[in-house]
Amino acid sequence: MTARADTPPERRPLRAGAGLLTAGAFLVAALVALPILAVAGNLFADTGGLWGRLAARALSTYLVNTVALLAGVGVLTTAIGAGAAWLVTMCEFRGRAVLEWMLLLPFAVPAYVLAYVYTDLLEFAGPVQTFLRDLFGWTRHDYRFPQIRSTPGAIAMLSLVLYPYVYLLGRAAFLSQSVAALEAARTLGRGPWSGFLRVALPMARPGLAAGLALALMETLADFGTVEFFGVQTFTTGIYRTWFLRGSPEVAAQFASILMLFAVAVLALERASRGKARFATGAGRFSPLPRYRLAGVKAVAAFVACGAPVALGFLAPAAVLLHLSVIDGDPLFGGAFLGFAANSIAAAGLAATLAVGAAVVLGYGARTARGPLPQHAARFASMGYAIPGSVIAVGVLIPLAWFDNAVDAVMRETFGVSTGLLLTGTVAALLFAYVVRFLAVAYNAVDAGLAKIAPSMDGASRTLGHGLASTLARVHAPLLRGSLLSGALLVFVDVMKELPATLLVRPFNFETLATRVYRLAADERLAEASTAALAIVAAGVVPVILLARAIARSRPGSARP
């Protein structure tokens, strides 16, 4: 076969490269879809009656607790995140400039670490209740204290670390609002509170809804907090069914229901937008004077914004530091460094693979013709909407089938057992991480590519460079910041990930997250503090970088 005479020579490798990128994008999407399809494929599998027995006893409990968590976290994260975003964006009070970036710090604390800290503080033998008994001379029966290990306790812990999703996107929405609309509200006599409720809040609804959807999906994915507090949800049911009852089919069926919850959250977020459009006015992005607060109002605003920071980051970090100094992990030293090395190596490899896959997806969607590559990229990004426990089950099912099939062939042909080739390996764990967090890397890469003008691609092509050369010499230097941001965020997410690690990791492969979980499960909270503090410290760096970026933003920075 010969090339057409009217095809310029420099176009031929370009089209071939585009075809390879498109094929690569579809391959990545197919690999990401494999765990999801594996879970869905077991929805109606025969379990010999075990599903019916477990569903009769536990399904209603899982449903009620999951819905209660979603409702409670939804209300609290919206109230804290939207309220704080409005106060630091549109009001002036002492401490505002510091609080506007400190409000992001709870991002660095995993919810299960917060649960361990507050259990140690608030349980009967903890310092808070001990201080109250000593101060007032009370005995056990003289007072009632809220039970931290409960559904309301889990809601509080999750809300304290998840509200930054709503805060971050809500603040961005408030910053981009039309000055004309807010000034009109003031002209009509609307005060700060009335203007917030009637004008600013409805205009910011898309951003707030997107942040809330992220918080709710993280709530569905949580395992460590609800397991430690004894709140039975679908994530705990999946873990117990797989390991205690040895039924991957029933675990997959529970995972399918949990996956439907995640899809429902996304559908509700889309439906909340309706057909409304929220456009900002052209040319009216001059800085809007903030409402100046003084006296009691200024103190109330400072407390409202400072309390989530103190409860979600400062207090737990101080407690973890104190416990690690006075007690700490008994294996601190060579063994502990091994746990840290496993976490860092797994997170680093997963971040590298995720960014590489994101580049294939993003660049393939940019260079290919037609909408299919874009759809493949969006589909490959849906893993972040699926809880880690579901991803873990979806990864283990096809890998176990592959290992068993290869073993059967080798036994029949050569009389040799190959055992487990992929199941229970680091490769399987990395695959689960990439499926779970690919969306984080892809969003960063896609945002970076969107800032590069298509004319630069054309100029590079005119100079005789193909796709690979253009990517290496033109796009890569311009994408350096986006690639680093995506890799850093994936790294932190993997360091904190617990359910997927517990289910998929190799035997005796301990990470900081699993170390914290195992010590806390044995009520050895002080000993768990060292590993927990290391996880928080690893998460602080990217959060501070993100906080500095948002702190530099001001109303008026946008341009039409």
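Excluded from the calculations below are hydrogen atoms, water molecules and symmetry mates; all remaining heavy atoms, backbone and side chain alike, are included.
- A salt bridge links Arg240 to Glu227: at least one charged side-chain nitrogen sits closer than 4.0 Å to a carboxylate oxygen.
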Could you give me the CA-CA distance, side-chain angles and deciding distance for Thr423 and Asp403, then say whether side chain to side chain donor-acceptor pair (under 3.5 Å) is met? CA-CA 7 Å; Thr423 305; Asp403 288 344; 2.8 Å; yes
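- The CE atom of Met217 lies 11.5 Å from the CG atom of Leu70; values are rounded to the nearest 0.5 Å.
- Contact annotation: the side chain of Leu160 approaches that of Leu114 to within less than 4.5 Å [non-hydrogen atoms, C-beta and beyond].
- Relative orientation of the Tyr112 and Tyr116 rings is tilted, given thresholds of 30° and 60° on the angle between their planes.
- Pairing each heavy atom of Ala350 with each of Val494, the nearest pair is CB-CG2, 4.0 Å.
- Using modelled atom types, one finds a donor on one side chain and an acceptor on the other under 3.5 Å when comparing Thr514 with Glu510.
- The distance from the OG1 atom of Thr77 to the CG atom of Leu158 is 10.0 Å, given to the nearest 0.5 Å.
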Under the side chain to side chain contact (heavy atoms under 4.5 Å, CB included) rule, what do Phe254 and Leu59 come out as? Steps first, then yes or no, please. CA-CA 9 Å; Phe254 281 132; Leu59 185 58; 4.2 Å; yes
Could you check Phe234 against Thr66 for side chain to side chain contact (heavy atoms under 4.5 Å, CB included), going step by step and ending with a plain yes or no? CA-CA 7 Å; Phe234 283 102; Thr66 300; 3.4 Å; yes
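- Leu63 places a side-chain heavy atom less than 4.5 Å from the side chain of Phe261.
- Considering only heavy atoms from C-beta on, Val161 stays 4.5 Å or farther from Phe313 through its side chain.
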Side chain to side chain donor-acceptor pair (under 3.5 Å) between Asp222 and Thr219, worked out: CA-CA 5 Å; Asp222 179 77; Thr219 301; over 6 Å; no
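- Between Leu103 and Tyr167 the shortest side-chain heavy-atom distance falls below 4.5 Å.
- Across Gly72 and Ser159, no two heavy atoms sit closer than the pair O-OG, 4.3 Å.
- Taking a cutoff of 4.0 Å between a charged side-chain nitrogen and a carboxylate oxygen, Arg411 and Asp407 qualify as a salt bridge.
- At a threshold of 4.5 Å between non-hydrogen side-chain atoms, the residues Leu519 and Leu525 do not count as touching.
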Under the side chain to side chain donor-acceptor pair (under 3.5 Å) criterion, do Thr78 and Tyr163 qualify, and how do the steps go? CA-CA 7 Å; Thr78 302; Tyr163 82 81; over 6 Å; no
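- Closest heavy-atom contact between Ser343 and Thr511: OG-CB, 3.1 Å.
- Glu497 and Gly388 get closest at one heavy-atom pair: OE2-CA, 3.8 Å.
- One finds the CG atom of Leu214 at 9.5 Å from the CG atom of Leu168 (value rounded to the nearest 0.5 Å).
- In this structure, the side-chain contact (heavy atoms from CB on, under 4.5 Å) partners of Leu31, at least two apart in sequence or on a different chain, are Leu27, Phe431.
- Inter-residue side-chain proximity for Ser324 and Leu533 is flagged as met; some heavy-atom pair is nearer than 4.5 Å.
- Here the shortest heavy-atom pairing between Ser529 and Gly328 reads OG-CA, 4.1 Å.
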Go through the steps for Val355 and Val490 under the test side chain to side chain contact (heavy atoms under 4.5 Å, CB included), then give the verdict. CA-CA 9 Å; Val355 169; Val490 174; 5.5 Å; no
Carefully, step by step, assess Asp493 and Tyr433 under the rule side chain to side chain contact (heavy atoms under 4.5 Å, CB included). CA-CA 9 Å; Asp493 280 334; Tyr433 287 152; over 6 Å; no
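- Atom CG of Leu396 sits about 15.5 Å away from atom CH2 of Trp401, to the nearest 0.5 Å.
- A donor-acceptor distance shorter than 3.5 angstrom exists from the side chain of Asn65 to the backbone of Gln232, with no hydrogens or angles considered.
- Taking the ring centroids of Tyr165 and Phe107, they lie under the 6.0 Å cut-off.
- Remark: of the listed residues Leu399, Val406, Val395, Leu399 is the sole one forming a side chain to side chain contact (heavy atoms under 4.5 Å, CB included) with Leu422.
- Taking CG of Leu512 as the reference point, atom CG of Asn342 lies at 8.5 Å (rounded to 0.5 Å).
- Using bins of under 30°, 30° to 60° and over 60° for the plane-to-plane angle, the ring pair Phe223/Tyr517 lands in the tilted bin.
- Counting all heavy atoms, side chain and backbone alike, Ile238 lies closest to Ser389 at CD1-OG, 3.8 Å.
- Atom CG of residue Asp329 and atom CD of residue Glu527 lie 7.0 Å apart, to the nearest 0.5 angstrom.
- Put simply, the side chain of Val113 reaches to within 4.5 Å of the side chain of Leu320, judged on heavy atoms.
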